[in-house]
K.L.:
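There's a structure below that I have some questions on.
Chain A is the first sequence line, chain B the second, and so forth, proteins listed ahead of strands; every chain is numbered from 1. Everything numeric in this text was worked out from a predicted model, so none of it was measured.
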Protein chains: 2
Amino acid sequence: MIRCSGLFRPDHRLWRPGGERTGKVGRMVRVTLHEVAVEAGVSDSTVSRALRGLDKVDEGTRARVRQAADRLHFSFSRNASSLASGKTMRISLLFSDKLNTWFDASVLQGAYEVLYPQRYDLIPSTVSTYEQLSAFFSRLPADRNVDAVIVASINLGSGETDILKRLTIPTVGLDSRTIEGFDASVLLDDRKGMHDAVALLKRLGHRRMAYVGMPEPGDFEFSSQRRGDAFMESALAMGFQPRDLLRIDVGRRADYRTYDEAVGSGVARVLALDPMPTALCVESDGYAIALIGGLRKYGIRVPQDMSVVGFDDADVAAAADLTTVHQNPEEMARSAADKALALMRGEEPEERHSLADPILMLRGSTARPPQRAR
Amino acid sequence: MIRCSGLFRPDHRLWRPGGERTGKVGRMVRVTLHEVAVEAGVSDSTVSRALRGLDKVDEGTRARVRQAADRLHFSFSRNASSLASGKTMRISLLFSDKLNTWFDASVLQGAYEVLYPQRYDLIPSTVSTYEQLSAFFSRLPADRNVDAVIVASINLGSGETDILKRLTIPTVGLDSRTIEGFDASVLLDDRKGMHDAVALLKRLGHRRMAYVGMPEPGDFEFSSQRRGDAFMESALAMGFQPRDLLRIDVGRRADYRTYDEAVGSGVARVLALDPMPTALCVESDGYAIALIGGLRKYGIRVPQDMSVVGFDDADVAAAADLTTVHQNPEEMARSAADKALALMRGEEPEERHSLADPILMLRGSTARPPQRAR
DNA sequence: TTGTACGCGTTATCAT
DNA sequence: ATGATAACGCGTACAA
């Protein structure tokens, strides 16, 4: 970083409550509803009603009040409103991973799209260990600080579930393991996605396949387990022989010093299989792409020698031309936000608990197995 | 003054959809500082001091208060605290694009990392037109609702700049066009990045190159312009001939019905060049990758026939093995947040305005030009 | 070290 | 339709 000289502004940021409003920057400082009332020549209550668009306000007065407010650049103090009304107009979004992961960022965007127009602010938080989760929840009489909580991708323990049940604000689960404790939820139908992937591979002629799982960081991941189970069940149901179904668990990322090592481990595990499978279902796109890179280094061509199917359809999947199971976290988040909105209004959501359908995206990482293996 | 906390609970605060929740709804509802005081047998102010860790509190008392607070599951009402103290403990983050773009999501994460430990909440917002921007700013006596504003990737007009200057809360620009109006800023040195890219291509032996730009959605994008200019300047300074430097502006995404069409347009423009350049510098990774796909369909091999350099080094770049100019928005956001923190404390940031250095990432999309073109 | 009392900017109730 | 006035829950000079 290079140093630049900055323009220095002496004044501001030194505001003391109950203290002097040391003039400084001129006005523009903290216009209150009361000042608008004075300016418009009406009472505080009238200003409040007029500006909030309540009825029982003469349209003439309302106009005058609006003008006065504009003139003074008035805007409500959310804090004061919240304190008085009991509604915070804020919603907490809890994640288990970094906010810039594909999934979490999409959820944020989706929720934002429906909540912002309703004038709700979104407050994202993350927890990555059960300890943090527990801390978050124990302080969660967030009753007082937010109007609803949306919990994304977090596998709650019974302690948290209990707290959830007692909360007086609506709670919505997103991609959670169970719907237990939530007032509403949106889950992905992992099983269906995996079923479709396996069905594709079978149709292509594959006889021997493996599932490769590597949980992402965090204590709460469980989709690996779920997807692996779905893989086995689907394949068995379709007539695959147990001896032709392999399951490789690479471990967690934290078990390795670098991501490359984790990938190398997966590659080694695949190469060690004898005979090698002709197709791989991988838990997530990121690991699938890395795996493909690793296999190619060892002369395994994808898709000629090995078909690979990912899961999620993150942006990288299209870039890497990866066949994968598509899910739409933005849409799921919109749905979750809609449910939260309904619950906050005291209404019944269209559907308390819903299940989103994944879609198989056919791209270049899958093909018929090599001749010798058919 | 008479206190009747707990006696009168306006029921617009009690949320109960579909009637009662199994039993427990009992108390867990709204514990106030006062109740803790009663439980601990001290005054309200003592509780306040004890829980906030101020000195001049007997450690014995503090312990008792803490226990009482835990027992009652007390947590502060941020609204009330804010109202009383004048600090909101919230920071506004303004973006010009969807929150789930690589850049914006990374900024969010970076800012979160430094602000959350300091107990600040992050409030993300987006604006995509000047109208929205103007609305955001006109209501921005957000003085009252947040303690600082971080503005990311937004090209402010003079109107907004003026408002910025009058704001009484710290404002930090991130990836903005100028530092005008901001108390502090973090910018990327686009010029250096583009210079390095051009230098690489020259060293590889390229003689004829093109810059391809396509602004992302939104009214505020200007990096395209900036990067294109830097491309031309760098190349000319390195001795390239003007006739060997092409500049292709594909237009904005909104000009096309689909992204594929926009990509097709770029491909056509490149193919139409005669003689074709042997190297392309593309404004962003996403478009670079798409372009490569399009060119390959027309038999142009990358990198054998055409070298391509992207910009940003988003996740997709590594997956697509794209040579690109790396920038680190997470780190930039951390820096911006640090500055905001210092300004809010009334301190002078280490550096008011800083410039981040991009790094050229050498990957598989660049090579020497074909024989015939050397 | 601890307690008292008032203020922060709105909303909501009850008069008028 | 409009105006007083009491909460809302906490911070903080100032008194004890």
K.L.:
Going by side chain to side chain donor-acceptor pair (under 3.5 Å), name the residues that satisfy it together with Ser43(A), two or more places apart in sequence or in a different chain.
P.N.:
Thr46(A)
K.L.:
Tell me every residue that passes side chain to side chain contact (heavy atoms under 4.5 Å, CB included) with Asp44(A), counting only those two or more places apart in sequence or in another chain.
P.N.:
Leu33(A), His34(A), Ala37(A)
K.L.:
Taking only the side-chain heavy atoms of Asp58(B) (C-beta and beyond), determine which of dG11(D), dT2(C), dT11(C) contains the nearest atom.
P.N.:
dT2(C)
K.L.:
Rounded to whole Å, how long is the line connecting atom CZ of Phe76(B) with atom C1' of dC8(D)?
P.N.:
16 Å
K.L.:
Which donor-acceptor pairs under 3.5 Å do the side chains of residues 50-62 of chain A make with protein atoms, sequence neighbours left out?
P.N.:
residue, atom, partner, partner atom, Å
Arg52(A), NE, Ser48(A), O, 3.4
Arg52(A), NE, Ser48(A), OG, 3.3
Arg52(A), NH2, Ser48(A), OG, 3.2
Asp58(A), OD2, Gly60(A), N, 2.7
Asp58(A), OD2, Thr61(A), N, 3.3
Glu59(A), OE1, Arg62(A), NE, 3.2
Glu59(A), OE2, Arg62(A), NE, 3.3
Thr61(A), OG1, Asp58(A), O, 2.8
Arg62(A), NH1, Ala50(A), O, 2.9
Arg62(A), NH1, Leu54(A), O, 3.4
Arg62(A), NH2, Leu54(A), O, 2.7

K.L.:
Can you name the residues that form a side chain to side chain contact (heavy atoms under 4.5 Å, CB included) with Ser81(A), not counting sequence neighbours?
P.N.:
Phe76(A)
K.L.:
Is Arg49(B) close enough to dG11(D) that one of its side-chain N or O atoms is under 4.0 Å from OP1 or OP2 there?
P.N.:
no
K.L.:
By side chain to side chain donor-acceptor pair (under 3.5 Å), which residues pair with Gln118(B), not counting sequence neighbours?
P.N.:
none
K.L.:
Separation of Lys56(A) atom NZ from dA15(C) atom P, in whole Å?
P.N.:
14 Å
K.L.:
Which whole-number value in Å describes the distance from Arg78(B) CZ to dT10(C) P?
P.N.:
20 Å
K.L.:
Within this structure, what is the NZ-to-P distance between Lys87(B) and dG9(D), rounded to whole angstrom?
P.N.:
23 Å
K.L.:
Between the two end axes of the helix from dT1(C)-dA16(D) to dT16(C)-dA1(D), each built from 5 base pairs, what angle do you get to the nearest 10°?
P.N.:
30°
K.L.:
Measure the distance from CZ on Phe74(A) to C1' on dG9(C) and round it to the nearest whole Å.
P.N.:
8 Å
K.L.:
Whole angstroms only, please: what is the CG-C1' distance between Leu54(B) and dG11(D)?
P.N.:
10 Å
K.L.:
Holding to ring pair (Phe, Tyr, Trp, His ring centres under 6.0 Å), I want the full list of residues that pass it with Phe95(A), two or more places apart in sequence or in another chain.
P.N.:
none
K.L.:
Could you walk me through whether Leu93(B) and Ile123(B) pass side chain to side chain contact (heavy atoms under 4.5 Å, CB included), step by step?
P.N.:
CA-CA 6 Å; Leu93(B) 234 59; Ile123(B) 304 188; over 6 Å; no
K.L.:
Indicate yes or no: does Glu350(A) engage Lys339(A) in a salt bridge with an N to O separation below 4.0 Å.
P.N.:
no
K.L.:
At a heavy-atom distance below 4.0 Å, what parts of residues 36-48 of chain A sit against DNA chain D?
P.N.:
Val42(A), Ser43(A), Ser45(A), Thr46(A)
K.L.:
Once you round it to whole Å, what is the distance between C1' of dC10(D) and CG of Asn79(A)?
P.N.:
11 Å
K.L.:
With sequence neighbours left out, which residue pairs that include part of residues 67-77 of chain A fulfil the salt bridge (Lys or Arg N to Asp or Glu O under 4.0 Å) condition?
P.N.:
Glu39(A)-Arg71(A)
K.L.:
Let's see if you get this right: which residues in residues 61-68 of chain B place a heavy atom under 4.0 Å from DNA chain C?
P.N.:
Thr61(B)
K.L.:
Rounded to whole angstroms, how far apart are CG on Leu33(B) and P on dA5(C)?
P.N.:
17 Å
K.L.:
List for me each residue that meets side chain to side chain donor-acceptor pair (under 3.5 Å) alongside Glu113(B), sequence neighbours excluded, and say none if there are none.
P.N.:
Gln109(B), Arg334(B)
K.L.:
What residues form a side chain to side chain donor-acceptor pair (under 3.5 Å) with Ser77(B), not counting sequence neighbours?
P.N.:
none
